[in-house]
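Reckoned from all heavy atoms, side chains included, excluding hydrogens, waters and symmetry mates.
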Amino acid sequence: MRLIQNMSTIAEFATPECPSNGNIKIAVIGGSGVGKTALVVRFLTRRFIGDYERNAGNLYSREVQVDGGEQVAIQVQDTPGVDLTGNGLSIPDHVTCSIQWADAVVLVYSVTDRHSFDLIGQLHQLVARAGRANVPPVILLANKADLLHMRRVDAEQGPLLAAALGCSFYEVSASEDYSQVHGAFHRLCCHMAKQQPTASLSSHTSSSGVAEKKGRSPLIPRPKSPNMQDLKRRFKQALSAKVRTVTSV
């Protein structure tokens, strides 16, 4: 995947009522301090920056190329961390809005933080109960895999949880291995890009009820142009007249 343009941070959050047309929208969700921002920046810029302002909740826009050379626009929503209190999950409103807005969700925990792993099941339920007709695609990332001496979540527990939730799993290190992070996000973007034509058919429909040319279903035959038919008819007539002239001579 080749990155096309410079990353821009959008201060104002794009709400579900005002989606951006044609974008693949990805929300990254997890507990505090699991490395969500580091993963997003690593994927978009290849860089790792060790220190970030927590709970910034920035929205990043980028154009990328997926399999087959197709260029797509993506938006990646970093979100504030979710915590568990005595009254249950403490979920910032920004997280709830992000789930409703997103086309796909990336759930993140840290292998050094057992608490963040225990949150994943409840976060997945939150995604499933977001009030949408279809549950968006979800992938599970286990970050900080390089910190072996600090591991608190066994390596086999991540894949088992992902299998139970029915989502893909990747154990990655934002600090040490760009290829792992890139691979996880890249596969998600490729999957979403394949699904985009179907979605755009319903969303890019004009007021008259006729789909725009870009979203036209390949199953609907394109009507032949009357001008082309008339041109063919006149060409045949001219050809016949020429043949008759040559025969008479």
Side-chain angles (χ1 to χ4, degrees), residues 10 13-17 19-20 22-44 55-62 64 66 72-84 89-110 113 116-143 158-159 161-172 174 180-196 198-199 203:
I10 302 176
F13 175 62
T15 62
E17 290 76 21
S20 48
N23 285 344
I24 295 174
K25 296 167 289 189
I26 302 171
V28 181
I29 298 169
S32 298
V34 298
K36 298 184 296 295
T37 304
L39 287 168
V40 173
V41 174
R42 185 69 148 149
F43 166 59
L44 295 176
N55 301 336
N58 290 327
L59 178 66
Y60 301 94
S61 295
R62 200 75 185 247
V64 302
V66 294
V72 297
I74 66 170
Q75 290 181 308
V76 185
Q77 178 66 59
D78 187 13
T79 61
V82 176
D83 291 309
L84 187 62
L89 282 181
S90 175
I91 306 171
D93 292 339
H94 194 67
V95 173
T96 303
C97 291
S98 297
I99 293 173
Q100 295 172 343
W101 163 87
D103 298 318
V105 174
V106 177
L107 298 178
V108 183
Y109 71 90
S110 168
D113 183 357
S116 68
F117 175 80
D118 294 335
L119 289 175
I120 294 298
Q122 297 177 69
L123 291 177
H124 190 272
Q125 290 181 7
L126 185 66
V127 174
R129 296 197 307 260
R132 299 171 52 161
N134 298 312
V135 178
V138 177
I139 66 172
L140 178 60
L141 296 188
N143 191 28
L161 177 59
L165 299 178
C167 59
S168 300
F169 172 79
Y170 305 90
E171 187 166 284
V172 301
Q180 292 177 332
V181 178
H182 167 269
F185 279 92
H186 176 246
R187 290 184 185 96
L188 180 60
C189 289
C190 289
H191 172 75
M192 296 307 300
K194 292 176 182 177
Q195 305 301 318
Q196 202 174 37
T198 302
S203 61

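Taking NE2 of H94 as the reference point, atom CG of L59 lies at 7.5 Å (rounded to 0.5 Å). Atom-to-atom distance recorded for Q75:CD and N23:CG is 4.0 Å, nearest 0.5 angstrom. Within the model, atoms CD1 of I91 and OG of S98 stand 12.0 Å from one another, a figure rounded to the nearest 0.5 Å. A distance of 10.5 Å separates CG in L107 from CG in L119, rounded to the nearest 0.5 Å. Rounding to the nearest 0.5 Å gives a distance of 9.5 Å between CG of L39 and CG of D78. Put simply, CG on L141 and CZ on F43 are 11.0 Å apart, with the number rounded to the nearest 0.5 Å.
A side chain to side chain contact (heavy atoms under 4.5 Å, CB included) with F185 is found for one member of V106, V64, L44 and no other, namely V106.
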Trace of the side-chain contact (heavy atoms from CB on, under 4.5 Å) decision for L161 with F117: CA-CA 9 Å; L161 177 59; F117 175 80; 3.6 Å; yes
Audit row: C189, I26, side-chain contact (heavy atoms from CB on, under 4.5 Å) steps and yes/no: CA-CA 9 Å; C189 289; I26 302 171; 4.1 Å; yes
Audit row: I120, L165, side-chain contact (heavy atoms from CB on, under 4.5 Å) steps and yes/no: CA-CA 10 Å; I120 294 298; L165 299 178; 3.9 Å; yes
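Listed here is the closest heavy atom pair of S110 and V34: N-CG1, 3.8 Å. In this structure, H124 and V138 approach most closely via the heavy-atom pair CD2-CG1, 4.2 Å. The minimum heavy-atom distance linking V127 with I99 is given by the pair CA-CG2, 3.9 Å. Across all non-hydrogen atoms, the minimal contact from Y109 to G158 is OH-CA, 3.3 Å. Across L140 and C167, no two heavy atoms sit closer than the pair CB-SG, 4.1 Å. The heavy-atom pair separating V172 from Q180 by the smallest distance is CA-OE1, 3.4 Å.
Side-chain atoms of H191 and P137, non-hydrogen and from C-beta on, do get closer than 4.5 Å to each other.
In this structure, the side chain of D103 engages the main chain of K25 through a donor-acceptor pair within 3.5 Å. N143 places a side-chain N or O within 3.5 Å of a backbone atom of A174 that can act as its donor or acceptor partner. For R42 (side chain) and V181 (main-chain N/O), no donor-acceptor pair under 3.5 Å exists by modelled atom type. The closest donor-acceptor contact from the side chain of Q77 to the backbone of V28 lies at 3.5 Å or more, if one exists at all. No donor-acceptor pair under 3.5 Å is formed between the side chain of K36 and the backbone N or O of P80.
By the side-chain hydrogen bond (donor to acceptor under 3.5 Å, both in side chains) test, S116 pairs with no residue at all, sequence neighbours left out.
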